[in-house]
Amino acid sequence: YMEMLEEEDPTKYEAHFAKFIAEDINGEKLEEMYTEAHEKIRENPDHEPAEKKSITHSRDGEQVTSSDGTEHVRSRKIGLEQRRARVAEKIAAAQAKLMDEDDDE
């Protein structure tokens, strides 16, 4: 596919395979790369899992702080009853607004 795209549509090829081009990998080298990877796997098929990072997360409302110092804002999920109550409030507010408009006319 890579070789075919390179011949037929060079601009799409460059956009689609930009990282491969940056690493100087073309269609032939790609096939060699995968062949080598499969050979290495066959030589040693035992999987060695990577060490897990000991990062912990703590939440204070919507603020999530990691032990490595990064902070993120994540919305909390609300339950079904709270969602239904919120929708009912919105409906009541919209109906009240319509009633006020009708009274003004």
Side-chain angles (χ1 to χ4, degrees):
Y1 175 71
M2 191 175 190
E3 293 169 349
M4 177 203 65
L5 195 60
E6 184 177 15
E7 293 172 6
E8 292 182 6
D9 193 357
T11 56
K12 188 173 181 182
Y13 166 78
E14 290 174 7
H16 196 80
F17 295 106
K19 291 190 178 184
F20 287 103
I21 294 169
E23 295 291 325
D24 194 35
I25 298 173
N26 60 14
E28 293 174 9
K29 288 183 181 179
L30 184 69
E31 188 174 342
E32 291 172 11
M33 182 179 71
Y34 277 102
T35 304
E36 289 175 16
H38 287 286
E39 287 174 3
K40 289 179 182 177
I41 291 171
R42 286 186 193 103
E43 288 173 8
N44 185 11
D46 298 329
H47 174 66
E48 296 173 9
E51 290 185 27
K52 300 207 181 247
K53 297 177 183 176
S54 59
I55 297 175
T56 57
H57 303 280
S58 62
R59 179 184 283 269
D60 182 27
E62 292 187 351
Q63 189 72 26
V64 178
T65 307
S66 302
S67 61
D68 64 349
T70 58
E71 293 183 358
H72 306 282
V73 176
R74 301 285 186 257
S75 299
R76 281 190 165 276
K77 288 186 175 182
I78 59 173
L80 179 63
E81 293 300 319
Q82 292 153 332
R83 279 198 311 273
R84 286 184 176 164
R86 188 169 178 203
V87 169
E89 288 175 11
K90 288 183 179 182
I91 290 172
Q95 288 174 341
K97 184 178 178 182
L98 286 174
M99 293 300 239
D100 287 343
E101 289 176 3
D102 287 344
D103 292 341
D104 291 341
E105 291 177 4

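Quantities reported herein were computed from a predicted structural model and do not represent experimental measurements. Residue numbers count from 1 along this sequence.
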Passes side-chain hydrogen bond (donor to acceptor under 3.5 Å, both in side chains), Ser58 versus Asp60? Steps please. CA-CA 7 Å; Ser58 62; Asp60 182 27; over 6 Å; no
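- Put simply, the side chain of Lys90 reaches to within 4.5 Å of the side chain of Arg86, judged on heavy atoms.
- Heavy-atom minimum distance, His57 versus Ser66: ND1-OG, 2.9 Å.
- By the rule that hydrophobic residues join a cluster once side-chain heavy atoms approach within less than 4.5 Å of another member, Leu98 and Val87 end up as members of separate clusters.
- For the pair Met2 and Asn26, the tightest heavy-atom approach, listed with the atom from each and the gap, is SD-C, 3.8 Å.
- Classification of Lys29 and Asp24 as a salt-bridged pair holds, one side-chain N sitting under 4.0 Å from a carboxylate O.
- The nearest pair of heavy atoms linking Ile55 to Ser67 is CA-OG, 3.2 Å.
- Note on Leu30 and Tyr1: same hydrophobic cluster, where clusters join Ile, Leu, Val, Met, Phe, Trp and Tyr whose side-chain heavy atoms are under 4.5 Å apart, directly or indirectly.
- A search for ring pair (Phe, Tyr, Trp, His ring centres under 6.0 Å) contacts involving Tyr13 returns Phe17, not counting sequence neighbours.
- Counting heavy atoms of neighbouring residues, nucleotides and ligands inside a 6.0 Å radius, atom CE of Met99 does not exceed 12 of them.
- There is a path of hydrophobic side-chain contacts, each under 4.5 Å, that joins Met4 to Tyr34.
- Looking at Arg74, its side chain never comes within 3.5 Å of a backbone N or O of Gln63 through a donor-acceptor pair.
- The two residues Pro10 and Glu6 have their closest heavy-atom pair at CG-O, 3.8 Å.
- Remark: Ile25 CD1 to Glu31 CD distance equals 13.5 Å, nearest 0.5 Å.
- Taken together through direct or relayed side-chain contacts under 4.5 Å among Ile, Leu, Val, Met, Phe, Trp and Tyr, Ile78 and Val64 form parts of separate hydrophobic clusters.
- Remark: Arg84 CZ to Glu89 CD distance equals 15.0 Å, nearest 0.5 Å.
- In this structure, Ile41 CD1 and Asp46 CG are separated by 12.0 Å, a value rounded to the nearest 0.5 Å.
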